[in-house]
Amino acid sequence: MNLPQTGSPLILAIDTSCDDTSVAVVRGVQVLSNVISSQESIHAEWGGVVPNLARRAHEERIEAVVQAALKRANTPIGDIDAIAVTYGPGLAIALEVGIRKAKQLAQQYSKPIVAVNHMEGHLLANIADLSQEEIRAIQFPVLGLLVSGGHTELVEMKDFGKYVLLGKTLDDAAGEAMDKVARLLGLGYPGGAALSQLAKKGVTGAVSFSLPMQRQKNNLNFSFSGIKAAAVRHTEAVAQKEHGTLSFKEKADLAASFQDIVVRHLIARSEQAITRFPEVKEFWLGGGVSANTVLRRRLRSLAKKQNIRLRFPSEKSLCADNAAMIGIAGSMRFSMGLTYEPTELPDRDPILELSTIRV
Ligand code: KG4
Ligand code: ZN
């Protein structure tokens, strides 16, 4: 197993993959600071992330966020061993801002750069603040379910840095589908968390949806666009039949039923994956949707039934986009010698371009 050596590296990490400007300082897997400057209010009025506005906001904020992360960690930049930065996947013009900043800092302070895959970061958010003993006790292979606004993936983690993509969404991501239905219900953007709040007041199953890809039992892929379209059709039909708009109860019922079908699809595929890998002892959940309490609850029951250990990020700030997870993945890669000198850094990391997650 590749573990950070004693005297774990001190990493300054940057993530500008979408609409959060985040910088963190970690020592190995210990999070010393994790500063997140959210752009939610900028994009909310447009109902989604506007790439140019995201880039501009990253450019305006990045230096202050770097300084805040160093200050909060009480760490002078000279002490840092390497700069880790998200290379992808993500919004290209947003990623570029972080990569440019990482290069500039690396050159100015003569530090190596570590290029990190954002999805590997989401997975490794699960080991934040674990002790060396706890990390050594992890039983590989681990199964990972990554659910965010851009991705829905099942991965087999053979070891740190060794991943096999088992399945992914063929259309929308789980978070993206929740956001679209939330928008339909007038809940703003991003609406996953608001949809899940409203769902508490509704009746699950009041609106019926069929489980996606039910007949395809031999693959571990996902599909959310069919149920999303069904939610739109339902809303239009109710609005037409009645008063032109949905009542609070109708909205809450749709929220509860939609959340339920999304979670049922995720659980069904997770159960299939666990059955396919009987040697697996651990299941890790990651990505923004991992904050969802219904998903967590049902995964807990599944893990209990299958007698495997379930982990999810310990704090909400480690579920959504953040640089601490990039620092943890960066620290692993640094310990494996996977660094670049700032002058040799390619515009895109070829390893990271092969697939969303490296094998
Ligand atoms: O990982 P993330 O912060 O960004 C991406 O890499 O995409 O994930 C954001 C997604 C959004 O779609 C958001 O609505 C969703 O995570 N999300 C939730 C919850 N909190 C955030 N979805 C369902 N329930 C939640 N509690
Ligand atoms: Zn993410």
Side-chain angles (χ1 to χ4, degrees), residues 122-123 125-126 143-155 166-185 187 190-217 219-232 234-235 251-275 283-306 308-313 316 319-320:
H122 273 306
L123 192 60
N126 280 289
L143 279 180
L145 174 65
L146 300 174
V147 269
S148 70
H151 294 82
T152 303
E153 296 176 339
L154 266 165
V155 297
L166 302 175
K168 61 178 183 172
T169 181
L170 302 178
D171 39 61
D172 290 3
E176 187 182 1
M178 303 264 272
D179 288 345
K180 285 187 183 155
V181 172
R183 199 175 163 200
L184 192 69
L185 297 175
L187 298 174
L195 185 98
S196 130
Q197 283 304 316
L198 180 61
K200 286 183 188 162
K201 308 204 167 79
V203 178
T204 300
V207 183
S208 66
F209 291 100
S210 24
L211 194 66
M213 305 177 85
Q214 217 167 353
R215 263 172 271 134
Q216 298 176 41
K217 298 250 186 276
N219 72 63
L220 295 170
N221 291 328
F222 300 87
S223 170
F224 295 95
S225 68
I227 51 171
K228 181 192 70 187
V232 173
H234 170 82
T235 312
K251 286 184 180 176
D253 284 351
L254 177 58
S257 305
F258 191 75
Q259 172 176 254
D260 174 67
I261 193 69
V262 168
V263 171
R264 276 204 282 140
H265 186 28
L266 294 171
I267 296 288
R269 288 306 201 217
S270 302
E271 183 153 27
Q272 261 175 270
I274 294 169
T275 315
F283 191 98
W284 296 6
L285 180 65
V289 185
S290 70
N292 186 278
T293 47
V294 175
L295 176 60
R296 286 185 175 205
R297 193 167 60 233
R298 294 206 206 149
L299 268 178
R300 253 190 234 113
S301 319
L302 175 63
K304 202 168 163 203
K305 184 171 114 187
Q306 300 279 0
I308 60 174
R309 177 177 189 151
L310 174 67
R311 293 181 198 264
F312 34 72
K316 286 259 161 78
C319 293

Donor-acceptor contact below 3.5 Å, side chain Thr235 vs main chain Ala231: yes

Has the side chain of Asp171 got a donor or acceptor atom that lies under 3.5 Å from a matching backbone atom of Phe224? yes

At what distance, to the nearest 0.5 angstrom, does CG of Leu302 lie from CD1 of Ile308? 6.5 Å

Counterpart residues, salt bridge (Lys or Arg N to Asp or Glu O under 4.0 Å), relative to Asp179 (two or more places apart): none

Sub-4.5 Å side-chain heavy-atom contact between Ile261 and Pro212: yes

Can you name the closest pair of heavy atoms from Leu154 and Arg269 and give their distance? CD1-O, 3.8 Å

Which atom pair, heavy atoms only, marks the closest approach of Ser257 to Ala206? OG-N, 3.3 Å

For Ala174 and Val147, which heavy atoms make the closest approach, and how far apart are they? CB-CG1, 4.1 Å

Kindly determine whether His151 and Lys168 satisfy side chain to side chain contact (heavy atoms under 4.5 Å, CB included), including the steps that lead there. CA-CA 8 Å; His151 294 82; Lys168 61 178 183 172; over 6 Å; no

Leu145 and side chain to side chain contact (heavy atoms under 4.5 Å, CB included): which single residue from Leu285, Leu123, Leu166 fits? Leu285

With rounding to the nearest 0.5 Å, note down the distance linking OG in Ser290 to NZ in Lys316. 9.5 Å

Nearest atoms (heavy-atom pairs only) where His234 meets Leu254: CD2-CD1, 4.0 Å

Separation of Lys200 NZ from Gln259 CD (nearest 0.5 Å): 9.0 Å

To the nearest 0.5 Å, how far apart are CD1 in Ile227 and CE in Met178? 9.5 Å

What is the distance from atom CD1 of Ile267 to atom OG of Ser301, rounded to the nearest 0.5 Å? 7.5 Å

Could you measure the distance from the CH2 atom of Trp284 to the CZ atom of Arg309? Nearest 0.5 Å is fine. 9.5 Å

Arg296 versus Cys319, closest heavy-atom pair with distance: NH2-SG, 3.3 Å

Check against side chain to side chain contact (heavy atoms under 4.5 Å, CB included), Arg300 and Phe312: CA-CA 10 Å; Arg300 253 190 234 113; Phe312 34 72; 3.5 Å; yes

Apply the test side chain to side chain contact (heavy atoms under 4.5 Å, CB included) to residues Arg298 and Val294: give CA-CA distance (whole Å), side-chain angles for both, the deciding distance (0.1 Å), then the verdict. CA-CA 6 Å; Arg298 294 206 206 149; Val294 175; 3.6 Å; yes

Do Leu299 and Leu266 pass the side chain to side chain contact (heavy atoms under 4.5 Å, CB included) test, and can you show the C-alpha distance, the side-chain angles, and the key distance before you say yes or no? CA-CA 9 Å; Leu299 268 178; Leu266 294 171; over 6 Å; no

In chain order, what residues pass the side-chain hydrogen bond (donor to acceptor under 3.5 Å, both in side chains) check against Thr169, with sequence neighbours excluded? none

Keeping the roles fixed (side chain from Gln272, backbone from Lys217), state whether a donor-acceptor pair exists under 3.5 Å. yes

I'd like to know whether CZ of Arg183 has more than 12 heavy-atom contacts from other residues, nucleotides or ligands below 6.0 angstrom. no

What's the shortest heavy-atom distance between Met213 and Phe222, and which atoms? SD-C, 3.5 Å

